[in-house]
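The figures that follow rest on heavy atoms only: side chains count, while hydrogens, waters and symmetry mates do not.
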There are 2 protein chains.
Amino acid sequence: MILLYKRYKLCHAVFMEASKVKDIKEKEIGDTMKEPKFSRLKEDIKAKIVHSEWKAGDKIPSENMFAAQYHISRQTVRKAIGELTEEGYLYAEHGRGTFVSERTIHTRTSKNIAVVTTYLSDYIFPRLIQGIEQVLTANGYSIMLKTTRNSRAAEARCMEELLSKDIDGLIIEPSKTQISCRHTSLYDQMDEYGIPYVFIQGYFEQMKKNLTC
Amino acid sequence: MILLYKRYKLCHAVFMEASKVKDIKEKEIGDTMKEPKFSRLKEDIKAKIVHSEWKAGDKIPSENMFAAQYHISRQTVRKAIGELTEEGYLYAEHGRGTFVSERTIHTRTSKNIAVVTTYLSDYIFPRLIQGIEQVLTANGYSIMLKTTRNSRAAEARCMEELLSKDIDGLIIEPSKTQISCRHTSLYDQMDEYGIPYVFIQGYFEQMKKNLTC
DNA sequence: TGCGATTTGTGCGTATGTATA
DNA sequence: CTATACATACGCACAAATCGC
């Protein structure tokens with residue numbers, strides 16, 4: 001076993017010797033070698049996404065393409081792409097390719113659902129929330145509770161806060177529904193982040209359906 | 001170049017042939033091969049940290065040690081450790097080793113306070129929660145609501161869940177306080193994570209003091 | 001002071017499995 | 001069936017930091 005290992009190492013050394021020539025050449029042409037290669041690629045990809053050169057849903061070049069273009073190994077490319085995937089910029093589809101995420105940030109793993117009501121002290125809402133809490137707990141989710149005191153300003157503030165936190169969904173009793181909604185942009189943002197939301201105004205059955213699935 | 005590559009490949013093949021024997025043996029002894037190897041190691045390390053077998057600041061075995069013990073490659077070990085580092089369980093110091101993080105996970109910026117009660121439907125608790133909610137909202141915090149239905153098992157489950165989430169504090173109405181607490185370890189963990197917690201059993205004034213600061 | 005051993009960091013090349021088009 | 005592409009895994013090389021002698 002040890003003998004075989006040594007033989008392997010020797011052959012490897014011979015091969016390495018030959019490849020050294022290219023390595024040196026690359027170092028001469030290449031960058032300053034200050035920051036790691038994967039880091040450079042990562043920033044390049046990130047920049048292209050942030051500056052909308054690559055838009056949401058676009059397929060980015062394959063790992064081998066990057067490897068070839070940047071003269072780095074596939075593993076190094078994988079490291080860059082892997083980190084960007086973890087950060088939410090990219091997502092991979094097995095056998096298809098790697099794509100730019102719809103909207104960054106939200107990772108859909110917080111297991112938190114925000115429940116926003118106007119008031120808590122009413123006779124009905126404690127029970128409602130208790131019902132939601134039970135269903136959510138049974139499915140491993142938690143409630144994040146907020147109230148608006150039927151103020152649209154408070155609702156807007158509340159939603160902004162929720163957008164900055166990590167929630168997987170929103171159940172909201174909108175305030176002052178008789179007047180038109182003044183902060184549709186916040187709901188648009190929810191859409192963009194891919195956070196589902198349901199309105200509740202007494203439709204318990206419908207709500208429950210949206211909850212459990 | 002191509003010639004050298006082929007020679008290398010041949011040698012490699014010979015070596016591989018020899019190592020196959022060990023591979024098969026390992027498969028026989030080893031696990032079901034269902035989940036990836038790095039994942040198993042990752043869970044093992046995580047468990048040791050969570051169960052305080054390895055405490056904050058402790059140096060964990062070197063990558064090569066893990067590789068030898070688990071009969072896996074160093075790269076695979078690095079993947080497991082890398083993910084745990086990203087999750088905040090570990091940190092590495094170049095040339096020294098890898099250590100358990102001081103405060104795992106918790107980053108103290110979530111602005112979430114968990115409120116755990118036995119039931120919600122009582123007459124008093126909706127008001128209590130409303131009070132907490134108002135104070136918290138005024139200070140930019142959010143409530144994360146959980147109930148235990150006065151079950152210690154549910155309380156333990158609930159706390160485990162909260163520990164995995166990102167909360168800055170815990171306000172808890174303990175279940176069945178007449179009996180001694182069976183899951184002190186979970187409260188110990190809260191201490192270790194640096195998450196403050198207060199018990200509520202009617203001491204509104206005291207609670208409020210702990211809340212706002 | 002230096003030198004070697006240890007340990008992490010980066011990078012390379014390869015192999016196998018599997019899902020998709 | 002083949003080609004593409006991702007996932008996991010192996011082994012090796014070299015660099016840089018640290019520590020002990």
[X] side chain, from C-beta outward: closest of [options]:
X: B/R74; options: C/dT10, D/dC10, D/dC6; answer: C/dT10
X: B/P36; options: D/dT8, D/dC10, C/dG11; answer: D/dT8
X: B/S73; options: C/dT7, D/dA9, C/dG9; answer: D/dA9

Indicate, yes or no, whether a donor-acceptor pair under 3.5 Å links the base of C/dG11 to the side chain of A/R78.
no

Classify the side chain of B/Q75 versus the base of C/dG11 as yes if they form a donor-acceptor pair under 3.5 Å and no if they do not.
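Under the 3.5 Å cut-off, the side chain and the base do form a donor-acceptor pair.
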
Does [N] have its OP1 or OP2 closer than 4.0 Å to a side-chain nitrogen or oxygen of [X]?
X: B/T98; N: C/dT8; result: yes
X: B/T76; N: D/dT8; result: no
X: B/R96; N: D/dC19; result: yes

Grab the [atom1]-[atom2] distance between [X] and [N] for me, whole Å please.
X: A/K42; N: C/dG11; atom1: NZ; atom2: P; result: 13 Å
X: B/I72; N: C/dA15; atom1: CD1; atom2: C1'; result: 17 Å
X: B/E83; N: D/dT8; atom1: CD; atom2: C1'; result: 12 Å
X: B/H94; N: D/dC14; atom1: NE2; atom2: P; result: 16 Å
X: B/Y91; N: D/dT18; atom1: OH; atom2: P; result: 13 Å
X: B/M65; N: C/dT6; atom1: CE; atom2: C1'; result: 11 Å
X: A/K79; N: C/dT8; atom1: NZ; atom2: P; result: 14 Å
X: B/H71; N: D/dG11; atom1: NE2; atom2: C1'; result: 17 Å

Within this structure, what is the OG1-CD1 distance for the pair A/T98 and A/I60, rounded to the nearest 0.5 Å?
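CD1 of A/I60 is found 5.0 Å from OG1 of A/T98.
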
Now, which nucleotide makes the Watson-Crick or G-U wobble pair with C/dT1, with each of the two distances under 3.5 Å?
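Partner of C/dT1: none found under 3.5 Å.
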
Under a 3.5 Å threshold, yes or no: a donor from one side chain and an acceptor from the other, between A/E173 and A/T117?
no

Check whether the side chains of B/R149 and B/T147 place a donor and an acceptor atom closer than 3.5 Å, and report yes or no.
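Result is yes, a qualifying pair exists.
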
Hey, is A/K146 close enough to A/E161 for a salt bridge, meaning N to O under 4.0 Å?
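Answer for the salt bridge query: yes.
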
On DNA chain D, does the nearest nucleotide to B/S39 precede the nearest nucleotide to A/P61 from the 5' side, or the other way round? Give the residue.
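Result: A/P61.
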
For the residue pair B/F38 and B/F66, is the inter-centroid distance of their aromatic rings smaller than 6.0 Å?
no

